[in-house]
Amino acid sequence: DADVELTTTSTSSSVTPQPAVSMQPPSLEQLSPHWSQLEDDEAKDRFDVDVSVTNPEKVGDGMNAYMAYKVSTRTSLTMFRCKTFSVRRRFSDFLGLYEKLSVKQSLHGCIIPLPPEKSVVGMTKVKVGTDDPSSVEFVERRRAALERYLQRIVSHPSLLQDPDVREFLERDDLPRAVNTQTLSGAGFLKMINKASDAVNKMTLKMNESDTWFDDKFQEVESEEQQLRKLHAVVDSLVTHRKELCGNTAVFAKSMAMLGNSEDNTALSRALSQLAEVEDKMEQLHQEQAASDFFIFAELLADYVRLLGAVRGCFDQRMRAWQRWQEAQSTLQKKREAEAKLLWANKPEKLQQAKEEITEVIKLPKMVVNVVKLVKIIMKSGEKRLKVTIKCPHM
Amino acid sequence: INVNKFRSVSVDLNNDASLLIDIPDALCERDKVKFTVHTKTTLSAFQKPEFSVPRQHEDFIWLHDTLVETEDYAGLIIPPAPPKPDFESPREKMHKLGEGEATMTKEEYTKMKQELEAEYLAVFKKTVQVHEVFLQRLSSHPNLSKDRNFQIFLEYDQDLSVRRKNVKEMFGGFFKIVAKSADEVLISGTKEVDEFFEQEKTFLLDYYSKIKDSTIKAEKMTRSHKNIADDYIHISATLNSLSVDDSTKVEGRVASDQELKLTELLRYYMRDIQAAKDLLYRRARALADYENSNKALDKARLKSKDIPQAEEHQQQCLQKFDKLSDSGKKELTIFKGRRVVAFRKNLVEMAELEIKHAKVRNISKTSEGQVE
């Protein structure tokens, strides 16, 4: 009777098929010196790059018209060619940047900031050229959102290193981004939700031995809920304040008329002055409503979407784990096939099987590394999110 | 409920020690409000120097309508009747709050409930005040204070419902409303000989429409303010931070102070001006009667029939008209002065309150900045 000897490849221990997963959080130095640099930078909290989006200008006419924004950068970093520079960019350029980044970075568990959403209605109004206040407001909202988007990107240390980001900021002539349909914020959220559903339907549920992820997930979910609720209430506040503006203006006029009718001169003057004060109040209310909206409400909407992106990270991790499991079962099958071949004594096929196994084994190791990276990046990303979620002054 | 301190829209009332009236107490049972009317008097017309009786809103309406229907008072401005106590708005809100209780945090729910209770209390205070002012205007009027029905209202310690409107009288009221709209046409159509009345008429008609408009707009404005205050409660509950709390109280209180001062002032004078207009209507009607009686007399002279009756009728009409004109003039002049004084008092008080709230807000803002 022959003794069956299964080959084992050089790197042995980490690849034995095991149902349970136990991941030790690696120490930072083990993975890469780059990550400890990350943590140090966080601590110093430097802002070496300052980006602003200004001067929205309409280019072209009719349905082919678009808004071009001026993107200005001020930096002290040496990786850029100059200290201050600016370029013209249009909305699809921003979306194109997002597409490039998400393909590259999301596999690493990076939380990519989301660009503002596409809006057919808003843009059509702008294209048609009506100068009414709602389209002015739309452009302003978009400009502010684009600025916040870029600022988040440049304050993310690893994204800043990305050549695509640099190209976006520096290059005068950017090739037009195509296929940005699926990449509006709403589209992205849909993708995330679909992925979440897929994860939920997974039959192989991951045994979460690292409770950090579990806790964080709960935190993220509840925070997202709270922010959504807050956003809804702030929206209602903005609406009511706009109503108050209207009502105050109308009341001021009515008071002025009453003052005119009044035959007692002193009282008439007092009433007219009251009317003027109410008019001023209306202006103040308008300003307050605008700041409520642009500062508070939009920011909240951003964070709701960001948290959606964070959830996307979690899902990436799940998927990575799933791939790992699949890779492991594939490996096992290949091993069994190898054993059979050994038994059947077919040397050529055996060699082929050995090569296949070598390939397959590489996959799980990569996935394990990915999963560990996810944790690091999420930890640092979360720190940054927390810092900026502090409430704005009212 | 102790409703001692509140601001009245009219001034200079209840100064005459011979007849002092107030409503120190009131009970709210479901829909009905029971007022305790308290009188202190040195007049011999009353049986006791000090007494209290329970009264309901309908009793006040009865008193008002009786006075309006009294011929002798046609030349006087009858103080406007107090409006019916209206708890509909806070009650509806309370209902909605109860339904939505599950969706709110405990803190949020408590705060909203507090706001609603404050609103309830505000409505309650308002209605007591408005009923009290009605009685005090009667007591400070030289003619009306002596009215027998008024005295019964103050004194009669049994239930007044026997004397209240029965069905027939209610229908009479309906016809009165119809007649009133005819009066509007009459009053604007009649040629006015007396310049004083001509001026007053133009002024009052114009002012009435303006003040009515202002009242409606002021109400809308205060409602928007209240909505914002409610929003602040929700925001503060969600954010759970101290600085926003203060904001809630300030917005809410600004809204209710505006409501009490400005809106109430406008509302009250809208009603008062309506009462003044009623006086003008009555006078216009008297004038029309007089003119008709003249025509009747001419006809009688032509036919040589019933001349003495026609002459007497004409004399009566003339007397009535003159009497109305005389007392009307006096009333309207007093009314003008009273209105201006009341406006000034309320506007000043409102301005002071707004300044006070603005200061509080500034202080809380700067302290919040320091904490940060």
Side-chain angles (χ1 to χ4, degrees), chain A residues 223 225-275 277-278 281-282 284-285 288-289 292 296-297 300 389-394, chain B residues 103-105 108 199-200 202-241 243-244 247 255 262-263 266 336-337 339-344 347-348 350-351 354 365 368-369 372:
Chain A
E223 190 142 343
Q225 232 183 0
Q226 288 282 68
L227 284 184
R228 265 188 213 278
K229 188 170 170 203
L230 184 60
H231 182 243
V233 183
V234 172
D235 243 355
S236 142
L237 175 70
V238 169
T239 316
H240 284 145
R241 214 185 270 286
K242 285 203 180 136
E243 260 175 33
L244 179 63
C245 276
N247 288 340
T248 312
V250 157
F251 175 70
K253 286 206 188 80
S254 171
M255 267 281 117
M257 304 249 310
L258 190 66
N260 277 340
S261 297
E262 177 61 59
D263 58 354
N264 179 308
T265 16
L267 183 54
S268 165
R269 230 176 330 142
L271 288 177
S272 307
Q273 282 176 344
L274 178 60
V277 169
E278 291 290 340
M281 300 265 307
E282 190 237 335
L284 286 177
H285 284 308
Q288 180 72 50
D292 279 350
F296 207 15
L300 283 174
I389 276 183
K390 261 218 180 87
C391 316
H393 269 286
M394 287 220 276
Chain B
T103 62
M104 295 186 227
T105 65
E108 206 176 334
Q199 274 184 343
E200 281 304 302
T202 326
F203 171 72
L204 282 179
L205 283 177
D206 177 46
Y207 203 78
Y208 178 74
S209 70
K210 302 259 164 61
I211 204 174
K212 186 167 175 193
D213 186 55
S214 294
T215 312
I216 295 173
K217 308 264 160 73
E219 277 174 358
K220 274 208 189 129
M221 201 172 71
T222 7
R223 230 177 304 144
S224 293
H225 250 191
K226 279 227 179 82
N227 283 339
I228 291 186
D230 284 346
D231 282 338
Y232 272 134
I233 292 181
H234 292 303
I235 289 182
S236 81
T238 324
L239 279 177
N240 209 10
S241 88
S243 55
V244 185
S247 192
L262 192 55
T263 320
L266 294 174
K336 240 202 272 247
R339 184 171 55 79
V340 172
V341 173
F343 262 78
R344 176 210 267 150
L347 289 177
V348 166
M350 181 179 88
E354 300 236 15
K365 266 220 173 104
E368 163 198 336
E372 220 66 22

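Only heavy atoms go into these numbers, but all of them, side chains included; no hydrogens, no water, no symmetry mates. By convention in this document, chain letters (A, B, ...) are assigned in the order of the sequence lines, proteins followed by strands, and residues within each chain are numbered from 1.
The minimum heavy-atom distance linking A/Ser254 with B/Lys210 is given by the pair OG-O, 4.1 Å.
Counting heavy-atom pairs closer than 4.5 Å to chain B, the top-ranked of the candidates A/Glu243, A/Glu262, A/Lys253 is A/Glu262.
Contact of A/Leu267 with chain B is made through the side chain alone, with heavy-atom distances under 4.5 Å. Contact of B/Tyr207 with chain A is made through backbone and side chain together, with heavy-atom distances under 4.5 Å.
Between atom OG of residue B/Ser209 and atom NZ of residue B/Lys212 there is a gap of 9.0 Å, rounded to the nearest 0.5 Å.
The side-chain heavy atoms of A/Met255 and A/Leu258, taken from C-beta on, include a pair separated by under 4.5 Å. When side chains are defined from C-beta on, A/Leu271 counts as touching B/Phe343, because their heavy atoms get closer than 4.5 Å.
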